[in-house]
Amino acid sequence: MIHLLLQSPRWDEASMTRAKQAYRAHYSSLGKSLERATLNNALTAMVGKSCCFLDPVPEELDAVTLEGAAQVLMAQLVSNNLEVNVVGDFDQKELDDTILKL
């Protein structure tokens, strides 16, 4: 999957819309859960309004574009320092050959 993402990424507007809807639902349920509200308040007290640790607010979600999200994601994925974990039955030589092609 990483190979496909790095070699021929496909960005889908419908997927972006679904992801935004999921984040909006998650955000709207913050006040309904004592545990999640407490966690959100504790994180805010520790890190301030850092977007790295807190859930995005609806205004931030509205500002995200498909092109912007794609640029940010691709800037973070660099193949020269990528860690890959493999679990299951596999042929060691075949796996080494495949991973070294990335």
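Start at 1 with the first residue, then count along the sequence.
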Participant: Do L43 and Y27 belong together in a cluster built from hydrophobic side chains that touch within less than 4.5 Å?
Facilitator: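 In one cluster: no.
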
Participant: Got a sec, which residues hit side-chain hydrogen bond (donor to acceptor under 3.5 Å, both in side chains) with D91, two or more places apart in sequence or on another chain?
Facilitator: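 D91 satisfies side-chain hydrogen bond (donor to acceptor under 3.5 Å, both in side chains) with no residue once adjacent residues are dropped.
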
Participant: Each residue besides L61 in its hydrophobic cluster should be listed here, by chain and number; the cluster joins Ile, Leu, Val, Met, Phe, Trp and Tyr at side-chain heavy-atom distances under 4.5 Å.
Facilitator: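 Its cluster mates, by chain and number, are Y23.
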
Participant: Verify the cluster assignment for L73 and L66: are they in a single hydrophobic cluster under the rule of side-chain heavy atoms below 4.5 Å apart?
Facilitator: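 Same cluster: L73 reaches L66 through Ile, Leu, Val, Met, Phe, Trp or Tyr contacts under 4.5 Å.
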
Participant: Restricting to non-hydrogen atoms, name the atom on V64 and the atom on A69 that form the minimum distance, rounded to 0.1 Å.
Facilitator: CG1-CB, 4.2 Å

Participant: Could you work out, with salt bridge (charged side-chain N to carboxylate O under 4.0 Å, His left out) as the rule, every residue matching R24, not counting sequence neighbours?
Facilitator: D62

Participant: Please list, chain by chain and in numerical order, all residues satisfying side-chain contact (heavy atoms from CB on, under 4.5 Å) with P9, sequence neighbours excluded.
Facilitator: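 Partners of P9 by the side-chain contact (heavy atoms from CB on, under 4.5 Å) criterion, ordered by chain and then number, come out as L5, W11, M74.
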
Participant: Residues two or more places apart in sequence or in another chain: which of them pass side-chain contact (heavy atoms from CB on, under 4.5 Å) with S15?
Facilitator: D12, R18

Participant: E59: which residues meet the side-chain hydrogen bond (donor to acceptor under 3.5 Å, both in side chains) condition with it, sequence neighbours left out?
Facilitator: none

Participant: Suppose clustering is done on Ile, Leu, Val, Met, Phe, Trp and Tyr with side-chain heavy atoms closer than 4.5 Å. Which residues sit in the same group as V72?
Facilitator: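 Hydrophobic cluster check, V72: no partners found.
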
Participant: Which residue pairs pass the side-chain hydrogen bond (donor to acceptor under 3.5 Å, both in side chains) test with at least one member in residues 35-44, sequence neighbours excluded?
Facilitator: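 For residues 35-44, and leaving out neighbouring residues, the side-chain hydrogen bond (donor to acceptor under 3.5 Å, both in side chains) pairs sorted by first residue read H26-R36, S29-R36, S33-E35.
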
Participant: Who passes salt bridge (charged side-chain N to carboxylate O under 4.0 Å, His left out) against K32, sequence neighbours left out?
Facilitator: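 K32 satisfies salt bridge (charged side-chain N to carboxylate O under 4.0 Å, His left out) with no other residue.
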
Participant: Applying side-chain contact (heavy atoms from CB on, under 4.5 Å), can you list everything that pairs with E60, at least two apart in sequence or on another chain?
Facilitator: P56, V57

Participant: Going by side-chain heavy atoms closer than 4.5 Å, which hydrophobic residues are tied to V87, directly or by a chain of links?
Facilitator: none

